[in-house]
Amino acid sequence: MNAALKWQSQPRRESDAEQIGQLASLCLKLEVATYPKPGLVSHLDNGAHADMDAALLYLSADTLAPFFGDLAAAGAEGAGMNRLRAIGVAAERAMMAATSGVNTHRGAIFGLGLLCAAAGYRGALGIRKSLGELVSQRWGDAILSGPVSLRSHGSVAARSHGAGGARAEAAGGFRSVYDIALPALYAARTLAPHDEEAVRVQTCMTLIAEVTDTNLLHRGGAEGLRFAQASASAFLATGGVGSFRWRERAADIHRAFVARNLSPGGSADLLAMALFIDRMER
Ligand SMILES: CC(C)(COP(=O)(O)OP(=O)(O)OC[C@H]1O[C@@H](n2cnc3c(N)ncnc32)[C@H](O[C@H]2O[C@H](COP(=O)(O)OP(=O)(O)OP(=O)(O)O)[C@@H](O)[C@H]2O)[C@@H]1O)[C@@H](O)C(=O)NCCC(=O)NCCS
Ligand SMILES: Nc1ncnc2[nH]cnc12
């Protein structure tokens, strides 16, 4: 792995907004520096994306670091959802300007941004609750009653298929991260000790197998989502990253997603959020 992507020191005081922002940005980069992730962009190829590559995702992650810091600072000051939303919208605008209009991290700005706000809030109050629980308790109602874009790919897919997407995930306290991703990540550290990239692949596959990812619905409909979930489940059922030649099998699945133009962008975001929570709640 690139030396620049190694963990720096953990935020010393959880209220240190700038460090929280840097950590969030680093988690986005670690997600990118993970191969094979089915259909997704990595440092090795662009997956099912004609308009994105790893350099663009790293640039996007760098652009977002100060906004994540601002969200942590706002959380520490007890900000309500309106203020967080204004910072989130400014971050989306900065991302679009930096990427010349490519949606690299809209979902991650939302989820990771709320977790940064919760980290700031938790540090300021000096309490020990989980970040997901804090997001749900402090901002959950406002997240669900806030404005919804009727035209976004996600909201169209959500309406057609009854999926909750990024909003329901956050309002519910990120159950996909706490109940799916983190247990997979901890178990993978036993399956593949000393190989954090393998740990991230196993966590990503587990998320794809279990989450209703609105990007998969948008690109492949219900059939695309079923194919993606079945492929990831089969990888896990035959030993995942603990099995012989797992890299080849994961790369085969990656190619099958690319051939079908499937990309689980929501699962990529949830992987980055799991890495963030793993560091912050250790
Ligand atoms: C709440 C918003 C995020 C609006 O969301 P939207 O209405 O679009 O609804 P969702 O589908 O729910 O999700 C948006 C993004 O979240 C990621 N995602 C998908 N499924 C899930 C899930 N189950 N749980 C959590 N997160 C999920 C996903 O983002 C990633 O994929 C994007 C790239 O994918 P790509 O395939 O390129 O997609 P497109 O560009 O759409 O299509 P193509 O043209 O390429 O085919 C990338 O963004 C990843 O991050 C979903 O896309 C939000 O916008 C909002 O309300 N914002 C306001 C700001 C705010 O309130 N902030 C709060 C404080 S920070
Ligand atoms: N690695 C990745 N590939 C494609 N879309 C993404 N959105 C967030 N991370 C992504």
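Residues: numbered from 1 along the sequence shown. First listed ligand is number 1; within each ligand, the first listed atom is number 1.
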For [atom], closest protein heavy-atom neighbour:
| atom | value |
| --- | --- |
| atom 62 (N) of ligand 1 | Phe110 CD1, 3.5 Å |
| atom 1 (N) of ligand 2 | Glu31 OE2, 2.7 Å |
| atom 5 (O) of ligand 1 | Arg167 NH2, 4.1 Å |
| atom 58 (C) of ligand 1 | Glu92 OE2, 3.5 Å |
| atom 42 (O) of ligand 1 | His153 ND1, 3.2 Å |
| atom 6 (P) of ligand 1 | Ser152 OG, 3.3 Å |
| atom 32 (C) of ligand 1 | Asn215 ND2, 3.7 Å |
| atom 22 (C) of ligand 1 | Gly165 C, 3.9 Å |
| atom 7 (N) of ligand 2 | Thr104 O, 3.3 Å |
| atom 30 (C) of ligand 1 | Asp269 OD2, 3.1 Å |
| atom 4 (C) of ligand 2 | His49 NE2, 3.3 Å |

When you measure from [atom] to each heavy atom in [options], which option holds the nearest one?
| atom | options | answer |
| --- | --- | --- |
| atom 43 (P) of ligand 1 | Glu31, Arg219, Arg85 | Arg219 |
| atom 27 (C) of ligand 1 | Gly266, Gly107, Ala117 | Gly266 |
| atom 14 (C) of ligand 1 | Ala166, Ala142, Ser176, Pro264 | Ala166 |
| atom 19 (C) of ligand 1 | Leu270, Thr214, Leu115 | Thr214 |

Open item on the list: Pairs of nitrogen or oxygen atoms closer than 3.5 Å, one from Asp51 and one from ligand 1: do any exist?
Closed with: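 Between Asp51 and ligand 1, no N or O pair is found under 3.5 Å apart.
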
Open item on the list: Any atom of ligand 2 sitting under 4.0 Å from a heavy atom of Asp269?
Closed with: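 A heavy atom of Asp269 does come that close to ligand 2.
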
Open item on the list: Please determine whether any non-hydrogen atom of Leu28 lies less than 4.0 Å from an atom of ligand 2.
Closed with: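 No.
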
Open item on the list: Just to check, does Gly111 reach to within less than 4.0 Å of ligand 1 when the distance is taken from its heavy atoms?
Closed with: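 Gly111: no contact with ligand 1 (<4.0 Å).
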
- [ ] Could you tell me whether ligand 1 has any atom less than 4.0 Å away from a heavy atom of Thr104?
- [x]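 So Thr104 counts as touching ligand 1.
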
Open item on the list: With side chain to side chain contact (heavy atoms under 4.5 Å, CB included) as the test, pick out the partner of Phe68 among Leu23, Leu115, Ile20, Leu28.
Closed with: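 Among the candidates, only Leu28 passes.
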
Quick one: does ligand 1 sit under 4.0 Å from the side chain of [X], the backbone, both or neither, non-hydrogen atoms only?
| X | answer |
| --- | --- |
| Ile87 | neither |
| His105 | backbone |
| Val211 | side chain |
| Asn103 | both |

Open item on the list: I'd like to know if Glu223 pairs up with Arg226 as an ion pair, taking the criterion as any Lys NZ or Arg NE/NH1/NH2 lying under 4.0 Å from an Asp or Glu carboxylate oxygen.
Closed with: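 A salt bridge is present here (some side-chain N lies under 4.0 Å from a carboxylate O).
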
Task: Basic-acidic side-chain contact under 4.0 Å: Arg249, Asp252 - done: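 Between Asp252 and Arg249 there is no salt bridge, as every charged N stays at least 4.0 Å from the carboxylate O atoms.
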
TODO: Name the orientation class of the two ring planes belonging to Phe257 and Phe227 (parallel below 30°, tilted from 30 to 60°, perpendicular beyond 60°).
DONE: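 Rings of Phe257 and Phe227: tilted, as their planes differ by 30° to 60°.
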
TODO: Check whether the ring centres of His43 and Tyr58 lie less than 6.0 Å apart, and answer yes or no.
DONE: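 No; Tyr58 has its ring centre 6.0 Å or more from that of His43.
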
Task: Test of proximity, Val41 against ligand 2: N or O pairs below 3.5 Å - done: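 There is such a contact, yes.
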
In ligand 1, which numbered atoms sit nearer than 4.0 Å to a non-hydrogen atom of [X]?
| X | result |
| --- | --- |
| His218 | 42 (O), 46 (O) |
| Asp213 | 19 (C), 20 (N) |
| Ile109 | 65 (S) |
| Thr212 | 23 (N) |
| Leu84 | 64 (C) |
| Met52 | 37 (O) |

Membership question, hydrophobic clusters at under 4.5 Å side-chain separation (ILVMFWY): are [Y] and [X] in the same one?
| X | Y | value |
| --- | --- | --- |
| Leu40 | Leu112 | no |
| Ile180 | Ile208 | no |
| Met81 | Leu131 | yes |

Open item on the list: Between Arg138 (side chain only) and Gly78 (backbone N and O only), is there a donor and an acceptor less than 3.5 Å apart?
Closed with: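 Answer holds: yes.
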
